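In what follows, a single structure is set out as structure tokens and then discussed.
Being a predicted model, the structure only gives us computed values, none of them experimental. The first residue in the sequence is number 1, and the count goes up from there.
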Amino acid sequence: MPDTGPTHPKNRLYDAFAASGKALASGKRLELLDLLAQGERTVDALAKAAGLNLTTASAHLQTLKQAGFVATRREGTRVHYRLAGDDVAQLFALLRKVAERHHAAVSAARDAYLGDDGAAEVTREELRLRVAAGDVVVLDVRPVEEYRAGHIPGALSIPVGELAERIGELPEDTEIVVYCRGEYCVLAHDAVRLLTDRGRRAIRLDDGMLEWRLADLPVAVGDPA
């Protein structure tokens, strides 16, 4: 009878796989990966964005670091976190899609969170064609620090929380394509609802910056023009 005890190499291998799975077994840790997929951040910034206290955020990040999903660099007394590689972003994106496809609760939770704005959507390829034709304005409604870390070339930056006050910066006679972090990001949905209520023609990219990066499409960095 083969040795299948806890020290058997096969069991050690599968236990090592399971350790990675356990690191992902937290909604807040997945949210932290979602935020880090937008760019490097400090612990303080991650805690604030995820609605966590500093101690809890640090504990979650240490779990992700021990699993090899995130890496760090120190700048003085501040610790900056980033994803350990593009493959981590790919794993996170695939996990969401597999969960939605096979777990009925995901679709219901998604709909409750995002809401129904009745907006049309465009694919990444359709957006690139329309940008080339010059018949749309692309609007990034993520926080400015995420825009600086990487955005769709030519996109304007107006964080969703500032959109009501800054709507006059957008042309009135051009359709606006809104995007945010990814397919499950509520910011673009909120922005489209606001723009539509103000009489603007607004639609959404059908996913967001996470998927744009993973498709190896051009990414611009730096401050808004």
Indicate yes or no for a side-chain donor-acceptor contact from [X] to the backbone of [Y] under 3.5 Å, with no hydrogens or angles considered.
X	Y	value
Thr56	Leu52	no
Gln90	Leu214	no
Arg29	Leu61	no
Glu126	Thr123	yes
Lys28	Ala50	yes
Trp212	Val219	no

Would you call [X] and [Y] a side-chain contact if the rule is heavy atoms closer than 4.5 Å?
X	Y	answer
Ile158	Asp140	no
Arg128	Pro218	yes
Ile152	Leu205	yes
Asp206	Val122	no
Met209	Tyr179	yes
Arg124	Leu217	yes
His151	Ser157	no

Could you tell me the separation between the [atom1] atom of [X] and the [atom2] atom of [Y], rounded to the nearest 0.5 Å?
X	Y	atom1	atom2	answer
Gln62	Thr72	CD	OG1	8.0 Å
Arg74	Thr42	CZ	OG1	12.0 Å
Arg200	Ile167	CZ	CD1	4.5 Å
Phe92	Leu24	CZ	CG	9.5 Å
Ile203	Thr196	CD1	OG1	10.5 Å
Tyr81	Leu46	OH	CG	9.0 Å

Indicate yes or no: does [X] engage [Y] in a salt bridge with an N to O separation below 4.0 Å.
X	Y	result
Asp190	Arg193	yes
Asp34	Arg181	no
Glu75	Arg73	yes

Please identify which of these residues, Glu183, Glu31, Glu211, meets the salt bridge (charged side-chain N to carboxylate O under 4.0 Å, His left out) condition with Arg96. Glu211
Contacts of type ring pair (Phe, Tyr, Trp, His ring centres under 6.0 Å), residue Tyr14, not counting sequence neighbours: Phe17
Residues passing the side-chain contact (heavy atoms from CB on, under 4.5 Å) test with Cys180, sequence neighbours excluded, are Val141, Arg142, Cys185, Leu187, Ala188
Considering non-hydrogen atoms only, spot the tightest contact between [X] and [Y] and give its length.
X	Y	answer
Pro159	Val144	CG-CG2, 3.7 Å
Tyr113	Tyr184	CE2-O, 3.6 Å
Ala149	Val221	O-CG1, 3.5 Å
Gly68	Ala84	O-CB, 3.2 Å
Val178	Ala191	CG1-CB, 3.8 Å
Leu35	Ala49	CD1-CB, 3.7 Å

Are more than 12 heavy atoms, taken from residues, nucleotides or ligands other than [X], located less than 6.0 Å from that residue's [atom1] atom?
X	atom1	result
Asp86	CG	no
Lys22	NZ	no
Arg166	CZ	yes

Residue set satisfying salt bridge (Lys or Arg N to Asp or Glu O under 4.0 Å) with Arg201, at least two apart, ordered chain then number -> none
Trace of the side chain to side chain contact (heavy atoms under 4.5 Å, CB included) decision for Val186 with Val160: CA-CA 10 Å; Val186 75; Val160 67; over 6 Å; no
Is [Y] reachable from [X] through a run of hydrophobic residues whose side-chain heavy atoms are each under 4.5 Å from the next?
X	Y	answer
Val70	Leu95	yes
Phe69	Leu30	yes
Leu195	Leu156	yes
Val106	Val98	no
Leu139	Val136	no

